[in-house]
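What follows is a set of notes on a single structure, which appears directly below.
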There are 2 protein chains.
Amino acid sequence: MARRGETIELAVLGLLHEGPLHGYELRKRLNLILGWGRLLSYGSLYPTLKKMLRERLITEVDSVPAPVTGRPRIVYRVTDAGTAEFHRLMAEVGPNAWEDDAFGIRFNFFSSTNLETRLRVLEGRRTRLEERLARVRGDLEGEQKRPVRSDHYAIELRRQRVEAVEREVRWLSDLIQAERDRQDERGTAPQTS
Amino acid sequence: MARRGETIELAVLGLLHEGPLHGYELRKRLNLILGWGRLLSYGSLYPTLKKMLRERLITEVDSVPAPVTGRPRIVYRVTDAGTAEFHRLMAEVGPNAWEDDAFGIRFNFFSSTNLETRLRVLEGRRTRLEERLARVRGDLEGEQKRPVRSDHYAIELRRQRVEAVEREVRWLSDLIQAERDRQDERGTAPQTS
DNA sequence: GTTAGCATGTAAGGAGTTACATGATTTT
DNA sequence: AAAATCATGTAACTCCTTACATGCTAAC
């Protein structure tokens with residue numbers, strides 16, 4: 001369950017959920033969401049689209065002839081099966097769902113989900129980050145016993161990283177609180193975009 | 001030039017540069033440096049060590065029999081060729097050297113480098129991050145022209161990420177300033193660990 | 001007595017990149 | 001006249017993970 005390749009598939013489904021797009025444009029938007037370092041290549045995107053076509057998650061829209069280049073651009077839209085898969089993946093709680101990319105993609109499409117799912121994703125991410133912090137702090141204690149060689153730069157690197165994670169935890173806590181406030185305002189909300 | 005697998009090789013060389021270690025212990029230290037999400041598997045580490053052995057970058061130290069487990073642990077140390085390779089990689093300015101992992105590893109072993117190299121790495125990373133920020137800001141302007149659908153969550157995600165990158169840029173700037181101050185104090189410094 | 005940690009390794013497979021192939025149009 | 005952008009696609013390769021195989025000791 002929860003293959004790794006699902007993260008890109010989820011992003012494609014999410015983007016097409018907002019309207020039909022062709023491959024080239026999809027890649028640009030994808031890179032905006034994945035942002036930071038990762039630049040998805042065509043050699044990865046086009047085969048993924050082909051695969052999703054085969055699985056009937058998306059279909060070709062009656063192709064607009066050709067605007068700029070000689071070759072026609074192929075416009076895709078989600079099928080009903082694709083929409084179902086999108087919602088399934090958004091709500092899924094697999095162990096991969098909290099990694100940086102997977103979390104970022106889910107967060108990006110939060111508007112298309114309900115409050116319950118959002119809370120689950122946000123809290124899951126926070127728990128994951130707190131586990132990491134606990135692990136690092138455990139390591140630090142272990143090192144205090146037998147002084148491993150306290151390297152100035154190595155320590156500074158860890159300090160900066162711990163701070164960044166702590167900051168994200170606070171950010172998540174604020175968001176979780178904001179979602180809970182909404183939850184209180186309306187007992188049952190019509191939240192599905 | 002600058003294959004991707006060199007990042008782990010560099011980390012191994014850096015750790016062994018501080019003293020001989022066996023595979024199991026190497027993995028633990030590696031995960032401390034790579035930290036955050038990435039957990040290097042044995043299926044990746046042991047073949048890498050074998051490969052580095054073949055390339056004569058490391059050698060087996062006269063194996064300590066066996067402390068806890070039945071099987072002997074194999075202790076490695078760097079060769080002269082390995083040390084040379086370590087310094088070569090640390091100073092290298094290839095396009096991969098500024099990615100998160102590659103930068104983190106180089107930073108972690110800064111104590112084993114000279115001031116010139118440290119400045120090159122820090123400034124390179126900062127330039128890379130500033131390019132990213134410029135790209136994102138360009139995208140934002142492009143979107144203001146034809147309003148793409150301003151999604152609350154998507155905007156919040158980008159805001160948070162931009163802030164994190166801006167924070168790292170400030171961190172880098174402080175470090176660069178600190179290194180420059182040292183540079184001024186001593187015209188020619190004996191900085192090589 | 002069962003779980004966690006120590007310790008090394010192999011085989012199969014997944015997810016992605018790089019390099020290649022092709023070619024028109026717009027900007028510099 | 002060159003470079004960038006538009007637009008799609010394939011083949012080879014790389015790096016890494018997962019799952020498997022093996023077995024001992026310490027802690028709970």
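The analysis underlying the following values was restricted to heavy atoms, covering all of them including side chains, and did not include hydrogens, waters or symmetry mates. Numbers restart at 1 for each chain; the letters A, B, ... are given by sequence-line order, proteins then strands. Everything numeric here is computed off the predicted structure, so don't read it as measured data.
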Distances for protein N or O near nucleotides 19-22 of chain D N or O, under 3.5 Å:
| from | atom 1 | to | atom 2 | distance (Å) |
| --- | --- | --- | --- | --- |
| dT22(D) | O2 | R71(B) | NH2 | 3.2 |

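Every residue two or more places apart in sequence or in another chain that forms a salt bridge (Lys or Arg N to Asp or Glu O under 4.0 Å) with R180(B) is listed here: E123(B). Considering only residues two or more places apart in sequence or on other chains, D100(A) meets the side-chain hydrogen bond (donor to acceptor under 3.5 Å, both in side chains) condition with R125(A). Taking the salt bridge (Lys or Arg N to Asp or Glu O under 4.0 Å) definition, one finds that R159(B) meets it with E156(B), E163(B), sequence neighbours left out. The side-chain contact (heavy atoms from CB on, under 4.5 Å) check on A97(A) picks up R106(A), with sequence neighbours excluded. With sequence neighbours excluded, the residues that form a ring pair (Phe, Tyr, Trp, His ring centres under 6.0 Å) with Y153(A) are F107(B), F110(B). In this view, T79(B) satisfies the side-chain hydrogen bond (donor to acceptor under 3.5 Å, both in side chains) rule with no residue, not counting sequence neighbours. In this view, R135(B) satisfies the side-chain hydrogen bond (donor to acceptor under 3.5 Å, both in side chains) rule with no residue, not counting sequence neighbours.
Comparing the helix axis at one end of the helix from dG1(C)-dC28(D) to dT28(C)-dA1(D) with that at the other, each defined from 5 consecutive pairs, gives an inter-axis angle of 50° (nearest 10°).
The nearest whole Å value for the distance from the CG atom in L49(A) to the P atom in dA7(D) is 15 Å. Note: CG (L40(B)) to P (dG9(C)) measures 15 Å, nearest angstrom. One interatomic measurement links the two molecules: CD of E6(B) to P of dT14(D), which rounds to 13 Å at whole-angstrom precision. Y46(A) has its OH atom 17 Å from the C1' atom of dA11(D), to the nearest Å. Atom-to-atom, CG of L53(A) to C1' of dT8(D) comes out at 13 Å; the value is rounded to the nearest Å. In this structure, L30(A) places its CG atom 11 Å from P of dT17(C), rounding to the nearest Å.
Contact between the side-chain N/O atoms of K28(A) and the OP1/OP2 oxygens of dC6(D) is found at a separation under 4.0 Å.
For the residue pair N114(A)/T117(A), the side-chain donor-acceptor check at 3.5 Å is satisfied.
Looking at heavy-atom distances under 4.0 Å, L45(A) makes no contact with the nucleic acid at all.
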